[in-house]
Amino acid sequence: MAVTDRKLLERIWAAVAAIPRGRVASYGAIARRAGAPRRARFVGHALKVAPARLKLPWHRVLNAQGRISLPPGSRAHRLQRRLLEAEGVRFSNGRVERAARGDDADLDAFLWRPRD
DNA sequence: GTTGTGACGACTT
DNA sequence: AAAGTCGCCACAA
């Protein structure tokens, strides 16, 4: 039985859809939340093949370093950054600005915080 | 079947 | 800090 189950794709899409406006989550965090730890790469794939009809907030998904994973300089990269900045996500040096506290906190610690 | 390539990430040098 | 290495695995060629 292939792991590429429709179910997993749907769980990933649901997890992405649940990222609140102005917040971001890492591919790995989404994978874990979808019940597929270590499948971060697959999350990228899931976003790529996601039906536009779902209108997923795909731009809120960044890599573990807090950086946009799309090719720097590409149209998609600029669009993602623009969408994020439009909802108040600030960047500094190509990285999402760390939330106030916890300079050394793991990125996932401040990422993914649905409703405080 | 095999190989190379990724919208990745954790670990080790 | 930066670069390797390895795990992961769908997909295209």
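Proteins get letters first, then strands, A, B, ... in listed order; numbering begins at 1 in each. All of these numbers come straight from a predicted model, not from anything done at the bench.
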Open item on the list: For the P atoms, the ones on B:dG4 and on C:dT5, what distance do you get once it is rounded to whole angstrom?
Closed with: 16 Å
Task: Integer-rounded Å distance: C:dA2 C1' and A:Gln65 CD - done: 12 Å
Task: Spacing between A:Trp13 atom CH2 and B:dA7 atom P, to the nearest angstrom - done: 18 Å
Task: Distance in angstrom units between A:Arg41 CZ and B:dG4 C1', rounded - done: 11 Å
- [ ] Using whole Å, report how far CG of A:Asn93 lies from P of C:dA1.
- [x] 11 Å
TODO: Could you tell me the separation between the OH atom of A:Tyr27 and the C1' atom of C:dG7, rounded to a whole number of Å?
DONE: 19 Å
TODO: Taking the side chain as every heavy atom from C-beta outward, state whether A:Leu84 and A:Arg60 have any atom pair closer than 4.5 Å.
DONE: yes
TODO: May I have the distance from A:Arg81 (atom CZ) to B:dA7 (atom C1'), rounded to whole angstrom?
DONE: 17 Å
Task: CD1-CZ distance between A:Ile30 and A:Arg32, expressed to the nearest 0.5 angstrom - done: 9.5 Å
- [ ] Identify the two heavy atoms, one from A:Gln80 and one from A:Val61, that lie closest to each other, and give their separation to 0.1 Å.
- [x] NE2-O, 3.1 Å
- [ ] Identify which nucleotide among B:dA7, B:dA10, C:dC8 has an atom closest to any side-chain atom of A:Arg38, counting heavy atoms from C-beta outward.
- [x] C:dC8
TODO: Would you indicate, yes or no, if C:dA10 has its OP1 or OP2 atom less than 4.0 angstrom from a side-chain nitrogen or oxygen of A:Arg39?
DONE: yes
TODO: Could you check how far CG of A:Leu8 sits from C1' of C:dA10, rounded to whole Å?
DONE: 12 Å
Would you list the protein and nucleotides 11-13 of chain C atom pairs, both N or O, that sit under 3.5 Å from each other?
residue, atom, partner, partner atom, Å
C:dC11, OP1, A:His45, NE2, 3.2

Task: pair A:Leu8-A:Arg39: side-chain heavy atoms closer than 4.5 Å - done: yes
TODO: Report yes if some heavy atom in the side chain of A:Trp13 is under 4.5 Å from a heavy atom in the side chain of A:Val49; otherwise report no.
DONE: yes
TODO: Write down the distance between CG (A:Leu83) and C1' (B:dA7), rounded to a whole number of angstrom.
DONE: 15 Å
Open item on the list: Measuring from atom CG of A:Asn93 to atom CZ of A:Arg67, what distance do you get when rounded to the nearest 0.5 angstrom?
Closed with: 7.0 Å
Task: Non-hydrogen side-chain atoms of A:Glu85 and A:Arg81 separated by less than 4.5 Å - done: yes
